[in-house]
There are 2 protein chains.
Amino acid sequence: MKSDGNGGRSNGDRTPCRTCPLSATPGLLTPDETQRAWIEAFKTGETSFVRGEQILRQGARATRLYTVLSGVMMRFRLLEDGRRQIINFMFPGDLIGLQSAFDAEISHSVEALTDARVCVFPRDRFFDLAMSHPRLSYDITWLAAREEAALEEHIVALGQRNARERVAWLAVFLVQRAMDTGVAAADGVLRMTITQGQVADMLGLSLVHTNRSMQALRRAGLVDWTIHAIAVPDMAAARDFAQMEAEAPPPRPFI
Amino acid sequence: MKSDGNGGRSNGDRTPCRTCPLSATPGLLTPDETQRAWIEAFKTGETSFVRGEQILRQGARATRLYTVLSGVMMRFRLLEDGRRQIINFMFPGDLIGLQSAFDAEISHSVEALTDARVCVFPRDRFFDLAMSHPRLSYDITWLAAREEAALEEHIVALGQRNARERVAWLAVFLVQRAMDTGVAAADGVLRMTITQGQVADMLGLSLVHTNRSMQALRRAGLVDWTIHAIAVPDMAAARDFAQMEAEAPPPRPFI
DNA sequence: AACGCGCCATATCAAATGACACATCGCCCA
DNA sequence: TGGGCGATGTGTCATTTGATATGGCGCGTT
C-alpha cells in the first residue's frame, strides 16, 4: 500500500479488464474483448478511497482520469463564501475527470460518498488514445452526452420543482441509478449513508427545509429517507409526484 | 426555398467549409484544412430559422445534427403542466443535438432566439464519422465536455444564488459568450431581444420577481437589461457580485 | 385614430423557504 | 457508563419569492 498524493491508496491488486467486475452489471454495456485489451493497456492501476476522501480537488490540475469500479462518489463546487453545490453523484462505470482532459484547472471537487475503488488512467495519453482507438473515443462521447442529459435533469429539478418535488426527484434518481449499476437490489431500497446536509446541497435547499420536506414525503408514504437508506416503495407514484417521465435508460458503455 | 418538415428553410446557398465565416471569430478554434474537407463531406446543407421557430422538438426522434452558423438559440424542457425550464443558450459554433446521436428521443426542444442559420449533418452517419475521423470525434468530445461545464455553472447558479445574483450571473454569462463568439462587440453590450419571461424560465424565478431583480440591478448600476439589450458596464464588478470566478475561456473547436 | 396585443412595471397579499435556537437521539469512546 | 459529538427533529420568526391584479407603453394593423 502506498499513498499517491491525491489521496486514496494504490495497492498491488489490479483487476484485469478481461475479468472486469462491471461486466456482471445488467445496466452496463461491457466493451468487447478487443476494446478491453486496449483499455487494459491504457489503465495504469487502481486506487481505493474511504468515505469522505477526495479524488479531485477544485482548482487543481488533474493528471488522471478515473472510472468508478465500486462505490459512489459526488462531485461538487465550493463558492468563496463556503456555499457548496453538489453537481451530481457518480456510480460504477462513470468516468471522472473528463473535463480535466481538456481544461487546465478543474471546476469541481470529487469525494467518495462510500468506500470506493477506481481505475486510473493517465490524462496525457488521452489524446493519443482517442486518435488511435476511435471506438473507445466514441463511447467516451456517449458517456459525456449522457452526463449532460443528467445535468439537464438536475437543472429542471432546481429551476422548476418545489422542495418536496425535488426531494422525491432525487430519491427516485438515486435509487434508479443504484439499481441500474448494481449498487442496490431491484427492490426500490438503496442502503447508503447520505446526510440531510448533502441532500440540501444537492437540491439547493436549506438543511432545515430539506428535513421538513423529507418528513412530509415520509408521512405521504412516497419516500422514506433515513441517513442509512432511501426507500421508494412505489417508484411510479414517486415519479408521478415529481413530474418525471418514466424512462428506461439504455445500458451505458464504460471504459 | 423549400421547407424540410422540421421547420426552417433550406436554400441553395451553401457556404464551403473552406471559407467558413466562423473562422474569423477569435474565440473559436478553426479546424485545419484537412478537417474542414472532412466536415464538408459530412455536411448535408444549411437551414435558416426565424426568431421563434423550433429546430428540435422534445420527444421527437431527431435525424440530424446541427452547428450554429449565425444567431442564437435556446434549448428548453417542457413539463406536462406547462412549466418550462430553459437549459442553455447556443451561440455560433455550438453543436446541437449530440444527445440525439445516441438516444432515441430527445429530452428538450431547441428554438431560435434570433434569426439564425445552421449547418446540417446526418445523424446516421455520425458513428461512421467518429470511427473514420478520430480527430473530429475528439473535438466533439471536447465540445461535450465544455457544454457539461456550462451546465455545471447553471446548476450552481440555480442551487446557490439568490434572484439578483442569478440575473447578474446570466447577464455576465450571455454577454461574455456573445463577445467570445462574435455576436456582440467587446464593449459589454449584447443587443438581443430576450423577454423577461425567458429570463425567468432560465433562472427558475417567477416573471414578476425577475422583473424586480432586474430593476434592483439597474438601480445598483450593475446590469442594465432591457428587452433589446443587455449592458454590463463593469464586468469585473458584476462577476464579483454574482460570486463568479474570473475566467478566460480557451478558444473552442467547432465542426 | 382606434384598437388589440405582447410585454414591462408596480402594488398587495400569500406561500414557500431560510435563519436561528434548542431539544433529542444514536453512537463512539474514554 | 457517562460524556461528547454529529446528525435529525421541531418551534418561531424573518426573508425571499410567488400569485394575482392592474395599469401603462410601444407597436403593428385596420
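Source: prediction; values computed, not measured. Below, all heavy atoms of this structure are taken into account, side chains as well, without hydrogens, waters or symmetry copies. All chains are named by letter (A, B, ...) in the order of the sequence lines, taking the proteins before the strands, and each is independently numbered beginning at 1.
- Closest approach to the A:His209 side chain among C:dC8, C:dA9, C:dG18 is made by C:dG18 (side chain taken as heavy atoms from C-beta onward).
- Using a 4.0 Å heavy-atom criterion, one finds that B:Arg166 contacts no nucleic acid atom at all.
- Residue-level contact check: A:Leu205 touches the backbone only, with heavy atoms under 4.0 Å from sugar-phosphate atoms and none from bases.
- Between B:Asn211 and C:dA9, a side-chain N or O to OP1/OP2 separation shorter than 4.0 Å is present.
- A:Glu111 has no carboxylate O lying under 4.0 Å from a charged side-chain N of A:Arg51, or vice versa, which leaves the two without a salt bridge.
- Along DNA chain C, the nucleotide nearest B:Trp225 and the nucleotide nearest A:Val208 are compared for position; the residue whose nucleotide lies closer to the 5' end is B:Trp225.
- Counting non-hydrogen atoms of neighbouring residues, nucleotides and ligands closer than 6.0 angstrom, the CZ atom of A:Arg164 reaches no more than 12 such neighbours.
- Atom CZ in B:Arg212 sits about 20 Å away from atom P in C:dC7, given to the nearest Å.
- Between A:Arg75 and A:Asp94 there is no salt bridge, since none of the side-chain N atoms of the basic residue sits less than 4.0 Å from a carboxylate O of the acidic one.
- At a threshold of 4.5 Å between non-hydrogen side-chain atoms, the residues A:Glu105 and A:Gln58 do not count as touching.
- Contact annotation: the side chain of B:Gln243 never approaches that of B:Gln160 to less than 4.5 Å [non-hydrogen atoms, C-beta and beyond].
- Rounded to whole angstrom, the span from the NE2 atom of B:His228 across to the P atom of C:dG6 amounts to 16 Å.
- Of the listed nucleotides (C:dA19, C:dA9, C:dT12), C:dA9 has the atom at the smallest distance from the side chain of B:Gln196.
- Note on A:Glu165 versus A:Arg239: no salt bridge recorded, every NZ/NE/NH1/NH2 to OD/OE distance being 4.0 Å or above.
- Between A:Leu207 atom CG and C:dA21 atom C1' there is a gap of 14 Å when expressed in whole angstrom units.
- Protein chain B contacts DNA chain D over a range whose 5' and 3' limits, counting nucleotides with an atom under 4.0 angstrom from a non-hydrogen atom, are D:dT17 to D:dT20.
- With distances taken from any side-chain atom of A:Ser206 to the nucleotides C:dA19, C:dC8, C:dA9, the minimum falls on C:dA19.
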